[in-house]
Colleague: 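Can you keep this structure in mind? I'll have questions shortly.
We name chains A, B, ... by the order of the sequence lines, and we start the count at 1 in each one. A quick note: this is a predicted structure, and the numbers were derived from the prediction, not measured.
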Protein chains: 2
Amino acid sequence: METVVSEKKQRILEAAACLFRDKGYSATSMRDLAGAVNLKASSLYNHISSKEEILQEICLANASRFHRGMEQIRELPEDDPQGRLEALLKLHIRIATQDVTSVTSFNDEWRHLSEPYLTQFLDMRRAYESFFRRVIRKGTEQGLFRPADESVVLYSLISSLRWLYDWYEPGKRLAPADLEEQLIPLLIRGILVG
Amino acid sequence: METVVSEKKQRILEAAACLFRDKGYSATSMRDLAGAVNLKASSLYNHISSKEEILQEICLANASRFHRGMEQIRELPEDDPQGRLEALLKLHIRIATQDVTSVTSFNDEWRHLSEPYLTQFLDMRRAYESFFRRVIRKGTEQGLFRPADESVVLYSLISSLRWLYDWYEPGKRLAPADLEEQLIPLLIRGILVG
DNA sequence: GTCTATATAAGGATAGAC
DNA sequence: GTCTATCCTTATATAGAC
């Protein structure tokens, strides 16, 4: 599954993530990207086969980060939905603070994937969201979370963390641990009973 | 300030907002837009002077909606930060549920504005955020809101409402009033002391 | 006010020399 | 593996007939 990626290809993918975040996928040209890594546009094709392949790799890489995180959280006891929910929130914060640019273009630019990659991507996202939903539902059934519309809780939680991708500056002001300490209670207090 | 807009121009702006939301500004061509309103691309230029002018009008219109809302909330008593905060959240929910498509492309596509419109737009946004910040600060000073990093509170609130723009389907499942009833306590309980 | 035709620029991608 | 040159398509926008 994991493909070996040459050092140069990695540099290209990183520069692309940066440009996609700043200008968007469509507004980023292969000439822009080539300039960012000191190459001519045609030379890029020695490392990647098309512009879209770059987006595919960025999206897949980040979808995998969420997927792996989910698999670990699945190991936590099912009857501790608060623990699982906190772990999910931590996962988002950790991913955002570790590789901001890549996850931003993953968040915003996936819609430019062509088939079958688009469907594949949406399937992965659906699976992730559906796990998240089960955690919420379990907490509500246990009477631990306040009764509320599941989608409202899900999407407001997920999207309340999305600003990190635009905003977080590594090494500045708030360390990842401080962010977790501030954000998780802020979000979870709205949900818990009591 | 308010420009008179012909009926046809209005239709073009609405179709454009729709396309910008679905495909993004850059990936939307004038031919796409022309097709959506049953014209040839060149005919569009009888109604608008450039593709970017469309984006400018969409962004300005929505920035104004937030600006007008803010001016009304400014009338509320300054020493009731909870009331003001709830009004701000209501404003976002109302704008999102009233004209979903337009506000979405406003949210996501403003970065494609060229100067001096970009600076103008960012100035308006800064002014809005700074009012929002003052409300948060006042609540914290009064001991009504839990002490927390102002930016963390601001951005997590604002972005926790941004999913509405992607998700909300007018007339389906949840009425705007139900949304308010669910979302505002969910968000505000995380902030309030006690 | 809409059309056809076209100007002009920029886009993704390939061929072939080095 | 990188370059120059180039192909082909698509983009925004304009000119001018109707």
Side-chain angles (χ1 to χ4, degrees), chain A residues 3-60 105 108-118, chain B residues 3-60 105 108-118:
Chain A
T3 325
V4 177
V5 175
S6 75
E7 205 176 323
K8 191 129 201 180
K9 178 163 180 177
Q10 195 53 46
R11 276 191 58 221
I12 293 172
L13 291 178
E14 279 164 24
C18 222
L19 288 163
F20 293 171
R21 179 200 54 188
D22 291 340
K23 316 174 46 167
Y25 174 77
S26 299
T28 299
S29 73
M30 293 302 271
R31 289 167 177 82
D32 292 335
L33 176 55
V37 292
N38 273 314
L39 285 177
K40 298 295 175 182
S42 58
S43 307
L44 292 172
Y45 292 88
N46 276 305
H47 307 281
I48 47 103
S49 68
S50 71
K51 183 182 173 185
E52 202 196 304
E53 192 211 41
I54 299 173
L55 184 62
Q56 286 159 14
E57 300 217 11
I58 290 174
C59 289
L60 183 63
S105 54
D108 294 336
E109 308 300 329
W110 57 264
R111 60 185 164 169
H112 296 108
L113 291 171
S114 65
E115 295 295 355
Y117 304 97
L118 182 61
Chain B
T3 322
V4 177
V5 174
S6 75
E7 205 176 322
K8 190 128 199 183
K9 179 163 178 175
Q10 196 53 46
R11 275 190 57 221
I12 291 172
L13 292 178
E14 279 163 25
C18 222
L19 288 163
F20 292 171
R21 178 200 55 187
D22 291 340
K23 314 174 50 166
Y25 174 77
S26 299
T28 299
S29 74
M30 294 302 271
R31 289 170 175 82
D32 292 335
L33 177 55
V37 292
N38 272 315
L39 284 178
K40 298 293 177 183
S42 59
S43 306
L44 293 172
Y45 292 88
N46 276 304
H47 307 281
I48 48 104
S49 69
S50 69
K51 181 182 172 184
E52 202 195 304
E53 194 211 37
I54 299 174
L55 184 61
Q56 287 159 14
E57 300 216 13
I58 290 174
C59 288
L60 183 64
S105 54
D108 294 336
E109 308 301 329
W110 58 265
R111 61 183 165 170
H112 295 109
L113 291 171
S114 65
E115 295 296 355
Y117 304 97
L118 181 60

Colleague: Between B:Arg31 (CZ) and D:dT10 (P), how many Å, whole number?
Modeller: 9 Å
Colleague: For the pair made of CD in A:Glu53 and P in C:dA13, what is the distance, rounded to whole Å?
Modeller: 10 Å
Colleague: Write down the distance between CE (A:Met30) and P (C:dA10), rounded to a whole number of angstrom.
Modeller: 18 Å
Colleague: Between C:dA13 atom P and A:Leu39 atom CG, what is the distance in whole Å?
Modeller: 16 Å
Colleague: Give the rounded distance in Å between these two atoms: CZ of B:Arg11 and C1' of C:dG1.
Modeller: 14 Å
Colleague: Compare all side-chain heavy atoms of B:Leu44 with those of B:Ile54 and state whether any distance is below 4.5 angstrom.
Modeller: no
Colleague: How would you label the contact of A:Thr28 with the nucleic acid (heavy atoms, under 4.0 Å): base, sugar-phosphate, or nothing?
Modeller: sugar-phosphate
Colleague: Please report, rounded to the nearest Å, how far the C1' atom of C:dG12 is from the CD1 atom of A:Ile48.
Modeller: 10 Å
Colleague: Below 4.5 Å, heavy atoms only, C-beta onward: do A:Glu53 and A:Glu57 meet side chain to side chain?
Modeller: yes
Colleague: Provide, to the nearest angstrom, the distance between the OH atom belonging to A:Tyr45 and the P atom belonging to D:dA5.
Modeller: 19 Å
Colleague: Report yes if a donor N or O on one partner sits less than 3.5 Å from an acceptor N or O on the other, where the partners are the side chain of B:Ser29 and the base of D:dT12; otherwise report no.
Modeller: no
Colleague: Quick check: closest heavy atoms across A:Lys23 and B:His112, and the distance to 0.1 Å?
Modeller: O-NE2, 3.1 Å
Colleague: Check the distance between D:dG16's C1' and B:Lys40's NZ and give it to me in whole angstrom.
Modeller: 18 Å
Colleague: Would you say the side chain of A:Met30 lies within less than 4.5 Å of the side chain of A:Tyr45, judging by non-hydrogen atoms?
Modeller: yes
